[in-house]
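Chain letters run A, B, ... following the sequence lines, proteins first, then strands; residues in each count from 1. Note that the coordinates shown come from a computational prediction; the quantities given were computed from them, not determined experimentally.
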There are 2 protein chains.
Amino acid sequence: MVRARPRISDVARLAGVSTATVSRALSNPSMVTAETRATVAAAVKATGYRLNLTARNLRHSRTGGVLALVPNLANPFFSQILSGIAGVLGPAGYNLLVADTRTSDPETLLAYAEPSRADGLIVLDGSLAAESLARVPLVEACEWIPGLQAPRVKIDNRAAAKLAIDHLVGLGHRRIGHVTGPTQNVLSIARLAGTHEALAEHGLTLPDSAIYHGDFGLQSGQEAARQWLVQDPNTRPSALFLASDEMACGLIGELHRQGLQVPRDLSVVGFDDIELIAHIAPPLTTIRQPRADLGRIAAESLLRLLSGEAAPEGDHILPVELVLRDSTAPWAD
Amino acid sequence: MVRARPRISDVARLAGVSTATVSRALSNPSMVTAETRATVAAAVKATGYRLNLTARNLRHSRTGGVLALVPNLANPFFSQILSGIAGVLGPAGYNLLVADTRTSDPETLLAYAEPSRADGLIVLDGSLAAESLARVPLVEACEWIPGLQAPRVKIDNRAAAKLAIDHLVGLGHRRIGHVTGPTQNVLSIARLAGTHEALAEHGLTLPDSAIYHGDFGLQSGQEAARQWLVQDPNTRPSALFLASDEMACGLIGELHRQGLQVPRDLSVVGFDDIELIAHIAPPLTTIRQPRADLGRIAAESLLRLLSGEAAPEGDHILPVELVLRDSTAPWAD
DNA sequence: CTGAAAGCGCTTACAG
DNA sequence: CTGAAAGCGCTTACAG
């Protein structure tokens, strides 16, 4: 037979006090005498009482949860970020809810950004509509929604592109190409713009023929390789900066299959520094994003927002770093 | 000025009906007349009313959430699984909560498996204490907790090991080694046992010197490579079956750095079929686990449990598959 | 079909 | 320091 969960009134009855006193003894011990505290503690133990969080949340007009809106949960890129978020939210007493924005229909999405579902949002998808989110406190992380007023935690994507380009130019490359992320994506746009700018500083240009349109995924890196392979070896890029490591892997894999070598035939710089790419052949030179830190700081910013502190001024920009490995080599025409 | 959220009573007043009628019109439309329905709908629109889920949940004595207990959120292995879970839970109206069991202290962990926090649990960590979970409906996925009575969704790890070993034996290998996962892990144990069994069927054995103790991570694969490298080339394994693709990557990377080639010098079979390893050099032969399906089916089983259906009999075993790529080659001593 | 009222299980301002 | 009571915002058995 299933006994119903004990409620606070069960504890009160057993302890011979009011429910108010039990509540105080539990959540504000200093408000009751040591003796009361002990009596209540004994009654709690005897009944096996555990606080009903839903009831407390209703009373406090809060949900106790924070929702992370992830563009694609299946993408390993987000694991570290979620881990960083969870590491902050858990100890702070918040539940971490996650939802995949790509696989949810707009209706569902609207229902997600709902004050009764989560106390706050961590938005990792820059393609969402600002209006649908406006009802809940939120911070943006990694990506951002143009026009949306909210604290942002991100990297300087243009500066990152400059690191990559400067490195390649320093190695003697003059024909440098770029493999983009999804066309509309804010990161893609920033990284492409940064590539243009950095090349310009060196008196170089990025012709359309050296721009390969990808989507951050493996397949599109492979596709970029195929496009590059059919271009004139004398005029095609001698080096490629890719907007993600995954695409770089796809590209290198395809090049290998076609009998070409990286970096001998093509220098490659990736983006993200996902764990595996230090161990592939060749180990990939890339731009490191502090993914766990991005998650951690986004969560901390949101907690500050929820506790009523003033929203931080300006964006929170985290440093990136060029990690030199073996996928780039000097070049002389 | 901040206007409080409208409540159901605001809608009722405007519509000139009782709160009960509003509630019915919203969650059980067929219980009210079409006219009432229209009046209520208009009042909802006019007030901008949205249901407070916490209140409804309290009333229904449920939380509306399902908690996934993940051993390590930072591990990309779980992204696809979470994605599979989210794909089922979202449409069913449940929130997906996630928590990292490794970074949570036992106290916190106990508080997680709390009926007032989640209606059900999807347990992905086989190292948790059965007692701490017993209070909430749950299913186990991938890993399992010995002694815990709960529906399990998993693969046949022994059969998977047999696929790998049969393949290697078929190529002529006689000295076959195994790189394990963490010693206490149920998957490690099953895969090691499966390796023993499969070798025995071919009249072969797995000497201690051919067992390398890893932890599923990249570094430990690298470490296994170092151990193998210092063993006598004439007696050390000519082929290795590893309990994870990550370890296989770490191992191959280290072998390359030492000037050895896979599969020329060593045949390698991994486990999991994570996306990237199809694109490394050499593309890895491995055992494919249907990760998204594992998550999906675990979520479906839990929903069935929560809806009061009888728990399914026995474990739900999903098929694995040997994916042949280029990291294994014939061998003749 | 609809309404009045009780109740889900807490917390807290108020009074003593 | 403690208690009685109201209330967080819903839903539903009961009555009409």
Side-chain angles (χ1 to χ4, degrees), chain A residues 2-41 43-44 47-65 93 111 114-119 135, chain B residues 2-41 43-44 47-65 93 111 114-119 135:
Chain A
V2 189
R3 200 168 44 107
R5 297 191 77 201
R7 293 159 302 170
I8 201 169
S9 58
D10 298 316
V11 178
R13 193 175 319 112
L14 188 64
V17 297
S18 71
T19 58
T21 297
V22 174
S23 178
R24 292 191 191 103
L26 259 28
S27 33
N28 230 327
S30 67
M31 288 185 73
V32 302
T33 62
E35 200 190 331
T36 308
R37 222 150 43 220
T39 320
V40 168
V44 164
T47 52
Y49 172 73
R50 314 222 64 183
L51 183 66
N52 182 316
L53 292 171
T54 307
R56 167 187 277 182
N57 286 337
L58 176 59
R59 184 53 235 239
H60 283 158
S61 297
R62 57 165 242 158
T63 71
E114 179 43 41
S116 78
R117 190 175 290 256
D119 299 330
R135 289 163 296 154
Chain B
V2 189
R3 201 169 42 107
R5 299 191 75 200
R7 293 158 302 172
I8 202 169
S9 57
D10 298 316
V11 179
R13 195 174 319 115
L14 187 64
V17 298
S18 71
T19 58
T21 297
V22 175
S23 178
R24 291 190 191 105
L26 259 26
S27 32
N28 229 328
S30 68
M31 288 185 74
V32 301
T33 61
E35 200 189 331
T36 307
R37 221 150 43 220
T39 319
V40 168
V44 164
T47 52
Y49 171 74
R50 314 222 65 183
L51 183 66
N52 182 316
L53 293 171
T54 308
R56 167 187 277 181
N57 287 336
L58 175 60
R59 186 51 237 243
H60 282 158
S61 297
R62 57 164 242 159
T63 72
E114 179 44 41
S116 78
R117 189 176 292 257
D119 298 330
R135 287 163 297 155

[N] [atom2] sits how many Å from [X] [atom1], rounded?
| X | N | atom1 | atom2 | value |
| --- | --- | --- | --- | --- |
| B:Arg59 | D:dG9 | CZ | P | 16 Å |
| B:Asn57 | D:dT11 | CG | P | 10 Å |
| B:Asn28 | C:dT2 | CG | P | 13 Å |
| B:Arg56 | D:dC8 | CZ | C1' | 17 Å |
| A:Tyr49 | C:dG9 | OH | C1' | 7 Å |
| A:Arg37 | D:dC1 | CZ | C1' | 12 Å |
| B:Leu58 | C:dC8 | CG | P | 9 Å |
| B:Arg7 | D:dG7 | CZ | P | 10 Å |

Using heavy-atom distances to pick each residue's nearest nucleotide on DNA chain C, tell me which of A:Ala20 and B:Val32 is more 5'.
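Checking each residue's closest nucleotide, the 5'-ward one belongs to B:Val32.
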Identify, between B:Ser61 and B:Ser30, the residue whose nearest nucleotide on DNA chain C lies closer to the 5' end.
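Comparing both residues, the 5'-ward one is B:Ser30.
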So, A:Ser27 side chain and A:Arg24 main chain: donor-acceptor pair closer than 3.5 Å or not?
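Here the side-chain-to-backbone pair does not exist.
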Looking at B:Ile8 and B:Tyr49, what are the two nearest heavy atoms and their distance?
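Minimum heavy-atom contact is N-CE1, 3.5 Å.
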Is any side-chain heavy atom of B:Leu26 less than 4.5 Å from a side-chain heavy atom of B:Leu51?
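When only atoms from C-beta onward are counted, B:Leu51 and B:Leu26 do not touch, as no gap falls below 4.5 Å.
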Any B:Val17 side-chain heavy atom under 4.5 Å of B:Thr39 side chain
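Counting from C-beta outward, B:Val17 and B:Thr39 never come under 4.5 Å.
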CZ/B:Arg56 to OG1/A:Thr54 distance, rounded to the nearest 0.5 angstrom?
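It is 13.5 Å, given to the nearest 0.5 Å.
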Heavy atoms under 4.0 Å, any strand shown: does A:Thr36 hit a base, just sugar-phosphate, or nothing?
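Sugar-phosphate contact only - A:Thr36 comes under 4.0 Å of backbone atoms but never of a base.
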Looking across every strand, which nucleic acid part, if any, lies under 4.0 Å from A:Leu51 by heavy atom: base, sugar-phosphate, or nothing?
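Touches sugar-phosphate only.
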With the side chain of A:Ser23 defined as its heavy atoms from C-beta on, choose the nearest nucleotide among D:dG3, C:dT11, C:dA4.
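When the side chain of A:Ser23 is considered, C:dT11 is the closest of D:dG3, C:dT11, C:dA4.
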For B:Arg62, which residues count as a side-chain contact (heavy atoms from CB on, under 4.5 Å) partner, sequence neighbours excluded?
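Partners of B:Arg62 by the side-chain contact (heavy atoms from CB on, under 4.5 Å) criterion, ordered by chain and then number, come out as B:Asn57, B:His60, B:Tyr94, B:Asp119.
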Quick one: stems involving DNA chain D, counted as three or more successive Watson-Crick or G-U pairs, both distances short of 3.5 Å.
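Listed by first number, the stems are C:1-3 with D:14-16, C:5-12 with D:5-12, C:14-16 with D:1-3.
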Closest-nucleotide mapping onto DNA chain D: is B:Arg50 or B:Arg24 further toward the 5' terminus? I mean the 5' end.
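Nearer the 5' end of the strand: B:Arg50.
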Go through B:Leu14 and B:Thr47 one step at a time and tell me if the side-chain contact (heavy atoms from CB on, under 4.5 Å) criterion holds.
CA-CA 8 Å; B:Leu14 187 64; B:Thr47 52; 3.9 Å; yes
Taking the same atom, C1', in D:dG16 and in D:dT12, what whole-Å distance lies between them?
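To the nearest whole Å, 16 Å.
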Counting only side-chain N and O atoms of A:Thr33, is one of them less than 4.0 Å from OP1 or OP2 of D:dC1?
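For D:dC1, OP1/OP2 do not have a side-chain N/O of A:Thr33 under 4.0 Å.
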